[in-house]
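Here the structure comes first, spelled out in structure tokens, and everything after it is commentary.
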Amino acid sequence: EAGVAQSPRYKIIEKRQSVAFWCNPISGHATLYWYQQILGQGPKLLIQFQNNGVVDDSQLPKDRFSAERLKGVDSTLKIQPAKLEDSAVYLCASSLVEGLESYTFGSGTRLTVV
Amino acid sequence: QKEVEQDPGPLSVPEGAIVSLNCTYSNSAFQYFMWYRQYSRKGPELLMYTYSSGNKEDGRFTAQVDKSSKYISLFIRDSQPSDSATYLCAMRRPAAGNKLTFGGGTRVLVKP
């Protein structure tokens, strides 16, 4: 079974620029998550989709972050404009609606804002 | 106060030793407990998943949950250099859907 695919693997941008990350979940996984992992910390949920609807975006900084999951498959996460404190690894994960055992993470996109 | 606390380490042990990791939590609503392993520049991968208090064993790994003390543990027996990684505990509240709340992770180094 193919895993969760993310691109790009690395990105360096200047503050105030915009950036977008892409995620392709495991086939058949209805639920998709974006997590932010700052160096030395555990992942923090930014947004959760079920199919193409948002389930939880309570910790998404909506003034600068946006995410979409068109057609309930791939997803993109965008930051505009980026701040220095957005430097982190952005992890995408997917799971079946029921069954935490299926919760699978991608390798992440490492963002550095300079 | 963070909902889930975890000692960041690093924890250095000789090969073959038992690795002991733990997390404490403050919210009694957490009912599902997981341990993830994260290698450098990789995403977390699920190691163990428990629901009830008590012990659960899987090969060299044993997970313990003590809900009365709000304390969970992971033990790794016969540790190998390949076990060197960051170990993250994660928890889920039923009312929060599939949202996971993670500890900060403990870095483990197993020396040959």
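Labels below follow one simple rule: chain letters A, B, ... track the order of the sequence lines, proteins then strands, and each chain is numbered from 1.
A:Lys11 NZ: 12 or fewer foreign heavy atoms inside a 6.0 Å radius. Taking a 6.0 Å sphere around NZ of A:Lys62, one finds it holds more than 12 heavy atoms contributed by other residues, nucleotides or ligands.
The parts of B:Pro44 that come within reach of chain A are both its backbone and its side chain, each placing non-hydrogen atoms under 4.5 angstrom from that chain. Contact annotation for B:Glu45: neither backbone nor side-chain heavy atoms come within less than 4.5 Å of a heavy atom of chain A. Using a 4.5 Å cut-off between heavy atoms, A:Gln41 touches chain B through its backbone atoms (N, CA, C, O) alone. Contact of A:Gln6 with chain B is not made at all, since no heavy-atom distance falls under 4.5 Å. Contacts of A:Leu96 with chain B are made by backbone atoms alone, with heavy-atom separations under 4.5 Å and no side-chain atom involved. Neither the backbone nor the side chain of B:Tyr39 comes within contact range of chain A, judged by heavy atoms closer than 4.5 Å.
Hydrophobic clustering places A:Phe65 together with A:Leu84 (ILVMFWY residues linked when any side-chain heavy atoms are closer than 4.5 Å, directly or through intermediates). Under a hydrophobic clustering in which Ile, Leu, Val, Met, Phe, Trp and Tyr are joined whenever their side-chain heavy atoms come within less than 4.5 Å, directly or via other members, B:Phe61 and B:Met91 fall into the same cluster. A single hydrophobic cluster is not seen to contain both B:Tyr71 and B:Phe102; linkage of ILVMFWY side chains at heavy-atom distances under 4.5 Å, directly or through other members, places them apart.
Here the two rings, on B:Tyr36 and A:Phe105, have centers that are under 6.0 Å apart.
By number of non-hydrogen pairs under 4.5 angstrom with chain B, the leading residue of A:Cys92, A:Ser95, A:Ala93, A:Pro43 is A:Pro43.
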For this session: Please step through side-chain contact (heavy atoms from CB on, under 4.5 Å) for the pair A:Glu101 and B:Met34, ending with a clear verdict.
Result: CA-CA 9 Å; A:Glu101 300 92 334; B:Met34 285 136 284; over 6 Å; no

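Of all heavy-atom pairs spanning B:Asn98 and A:Tyr103, the tightest one is O-OH, 3.0 Å. Taking each heavy atom of B:Lys99 and A:Gln48 in turn, the nearest pair found is N-OE1, 3.9 Å.
For the pair B:Arg41 (side chain) and A:Ser107 (backbone), a donor-acceptor distance under 3.5 Å is absent.
In this structure, B:Leu100 and A:Tyr35 have side chains that are in contact, with non-hydrogen atoms separated by less than 4.5 Å.
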